[in-house]
Amino acid sequence: MQKDERELLEILKFEFQFLKHGGYGRSPRRTQMTGNGKFRKMSVWAGLCTLALLGGTVGWSRSTSHLAAPEPQAAPASESQSAASSGYAVRAIGESDAGTISGRILYSGKPVLPKRFTVTSDTSVCGNTKEVYPVRIEEGGIAEAVVWIDDITSGKAFNFPSPMIDQKKCSFVPHILLMKGGGLKLGNTDLCLHNIHVSSYANREVNKAIPPGAATQEITLARADRVTVRCDVHKWMNSYVVVAKNPYYVISGGGGKFRLEGVPAGHYHLKVWQESLGELDQEVTVEPAKSTETSFTYRAKGL
C-alpha cells in the first residue's frame with residue numbers, strides 16, 4: 001500500500017469512529033488527523049468513493065454495516081410467525097404428549113351484593129336502574145374469571161373465536177373477552193349513542209363515539225394486554241378484553257369450572273384473574289395423556 005493510501009485509510013478510520021460516537025465536536029484526535037492540509041477538506045463520502053477504487057469496499061462494508069438504513073420488515077405472514085414474535089411458537093403436539101388442566105375457581109366470604117346505578121338518560125333503552133355484580137357467583141363458584149398458563153412458550157395454535165364486543169340493552173356483550181393480538185370489532189345494536197373508551201397498558205388508548213345504526217367498527221389490539229372498555233355516556237357500562245400471549249387461556253363458567261386442553265407435558269405457573277378480586281397463581285405439573293386437577297379460592301376483599 002502506498003503512503004497516500006495509508007494516510008487516507010487512517011483518516012477514513014477516524015471519520016468512521018467520529019460519526020459512530022456522536023457528531024462534529026472537535027477532539028484532539030480529529031485535530032491531529034486533519035492537521036495535514038492535503039486531506040483537511042476531504043469529505044468522508046468522497047473518501048468512501050476513493051476507498052472503493054482502492055479495492056477496500058469489502059472490508060469497509062463489514063465495518064459500517066450498522067450505518068446502513070434498515071430494511072423494512074414485512075408484517076407476519078402467518079399465525080405461527082405472529083406467535084413467534086411474541087415469544088410463543090406453534091408446534092404439533094401428539095395426543096400422547098399432551099395433558100389437561102381442569103378445576104374450579106371458588107369464593108369464600110360474605111355474599112357479594114350488586115352495585116346499583118340510577119339511569120338518568122336513555123331510560124327507554126336502558127331502563128331506570130342497572131345492577132352490576134363485581135363478582136359473579138354461579139353454582140357455587142366464580143364465573144367469568146380468566147385462567148391461563150403464564151409461562152408456556154410453545155404448543156397448540158390459537159383458536160379463539162373472531163373477537164367482537166356489542167352494546168345491547170346498555171351493557172357490553174360479552175363482559176369478558178379473550179382474543180389473540182389483532183383486530184377487535186365493535187358494534188352497537190342499541191337505539192342510543194354509546195362510546196368506546198379503551199384504556200390499555202400496552203396498546204394505544206381509543207375513545208370513539210358509536211351512534212345508533214352505525215356500521216361495525218374495528219380497532220387494533222396488537223400486544224398482549226388486559227384492556228378495560230368503558231362507555232363514558234353510561235357510567236355503569238364496562239367490560240374487559242384479555243389479549244392473550246398464548247392460546248392457553250380460558251374463561252371460567254358455571255360453578256367456576258375451567259379446562260385447558262392440549263397442554264404439553266411440563267411444569268408451569270397457572271394464574272387466574274378476576275376483575276374485582278385480582279390475581280392468584282400456583283404451580284402445576286402436567287403429565288402426558290393425564291388430567292391435572294386443581295382449584296383456586298378467593299377471599300372476600302371488602303366488596
Side-chain angles (χ1 to χ4, degrees), residues 75-105 141-165 173-185 198 200-203 218-229 239-254 256-275 279-296:
S78 68
E79 179 178 284
S80 60
Q81 289 174 329
S82 178
S85 68
S86 63
Y88 179 82
V90 176
R91 62 182 175 89
I93 306 172
E95 292 185 5
S96 60
D97 299 322
T100 299
I101 302 174
S102 60
R104 296 182 67 193
I105 313 300
I142 298 177
E144 296 188 335
V146 179
V147 185
W148 75 99
I149 301 175
D150 192 58
D151 52 352
I152 192 166
T153 57
S154 66
K156 66 181 182 180
F158 286 81
N159 59 352
F160 301 129
S162 179
M164 179 173 178
I165 290 181
V173 180
H175 180 62
I176 305 289
L177 176 70
L178 294 179
M179 62 176 285
K180 69 175 184 178
L184 169 63
K185 293 182 179 180
V198 175
S200 171
Y201 295 100
N203 293 277
E218 183 171 307
I219 63 173
T220 299
L221 299 174
R223 300 179 179 88
D225 203 354
R226 189 160 62 227
V227 173
T228 302
V229 182
S239 67
Y240 298 90
V241 178
V242 176
V243 186
K245 59 185 177 180
N246 65 65
Y248 296 97
Y249 284 64
V250 68
I251 299 173
S252 63
K257 296 178 182 178
F258 69 89
R259 182 178 178 87
L260 291 164
E261 299 180 332
V263 182
H267 188 78
Y268 302 107
H269 283 85
L270 186 68
K271 290 190 174 185
V272 58
W273 170 81
Q274 201 281 332
E275 61 188 270
E279 283 189 10
L280 297 175
D281 68 89
Q282 61 178 257
E283 296 183 19
V284 296
T285 298
V286 177
E287 298 183 30
K290 292 185 178 181
S291 179
T292 299
E293 299 288 335
T294 188
S295 66
F296 291 90

Closest non-hydrogen atom pair between [X] and [Y], with its separation:
X: Val286; Y: Gly99; answer: CG1-CA, 3.7 Å
X: Val272; Y: Ala145; answer: CG2-CB, 3.9 Å
X: Pro288; Y: Ser96; answer: CB-O, 3.1 Å
X: Phe158; Y: Lys180; answer: CD2-CB, 3.5 Å
X: Ile93; Y: Gly262; answer: CD1-O, 3.8 Å
X: Gly183; Y: Pro163; answer: O-CG, 3.2 Å

[X] side chain vs [Y] backbone, donor-acceptor pair below 3.5 Å:
X: Asn203; Y: Thr220; answer: no
X: Ser154; Y: Ala89; answer: no
X: Lys156; Y: Glu261; answer: yes

| What orientation do Tyr248 and Tyr88 show, parallel under 30°, tilted 30 to 60°, or perpendicular over 60°? |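 Perpendicular.
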Do the side chains of [Y] and [X] get nearer than 4.5 Å, heavy atoms only?
X: Ser102; Y: Glu293; answer: yes
X: Ile149; Y: Leu260; answer: yes
X: Ile152; Y: Pro264; answer: yes
X: Leu270; Y: Val147; answer: yes

To the nearest 0.5 angstrom, please state how far the [atom1] atom of [X] sits from the [atom2] atom of [Y].
X: Ser252; Y: Lys257; atom1: OG; atom2: NZ; result: 12.0 Å
X: Gln274; Y: Glu144; atom1: CD; atom2: CD; result: 9.0 Å
X: Asn246; Y: Thr153; atom1: CG; atom2: OG1; result: 9.5 Å
X: Thr228; Y: Glu275; atom1: OG1; atom2: CD; result: 9.0 Å
X: Ile165; Y: Leu177; atom1: CD1; atom2: CG; result: 5.5 Å
X: Leu184; Y: Met179; atom1: CG; atom2: CE; result: 5.5 Å

| Phe258 vs Thr294, side chain to side chain contact (heavy atoms under 4.5 Å, CB included): CA-CA, chis, key distance, verdict | CA-CA 10 Å; Phe258 69 89; Thr294 188; 4.0 Å; yes
| request: With sequence neighbours excluded, tell me which residues meet side-chain hydrogen bond (donor to acceptor under 3.5 Å, both in side chains) with Lys290. | output: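 Lys290: side-chain hydrogen bond (donor to acceptor under 3.5 Å, both in side chains) contacts with Glu287.
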| task | Could you point out which residue of Trp148, Phe296, Tyr240 forms a ring-ring contact (aromatic ring centres under 6.0 Å, His included) with Trp273? | result |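 When ring-ring contact (aromatic ring centres under 6.0 Å, His included) is applied between Trp273 and each of Trp148, Phe296, Tyr240, only Tyr240 qualifies.
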| field | Residue pair Asp151 / His269, side-chain donor-acceptor N/O under 3.5 Å | value |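 There is such a pair (donor and acceptor under 3.5 Å, judged by atom type) between the side chains of Asp151 and His269.
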| task | Kindly determine whether Arg259 and Val250 satisfy side chain to side chain contact (heavy atoms under 4.5 Å, CB included), including the steps that lead there. | result | CA-CA 7 Å; Arg259 182 178 178 87; Val250 68; over 6 Å; no
| said: Counting neighbours of CZ on Arg104 that are heavy atoms of other residues, nucleotides or ligands and sit closer than 6.0 Å, is the number greater than 12? | reply: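 Buried by this count: over 12 neighbours within 6.0 Å.
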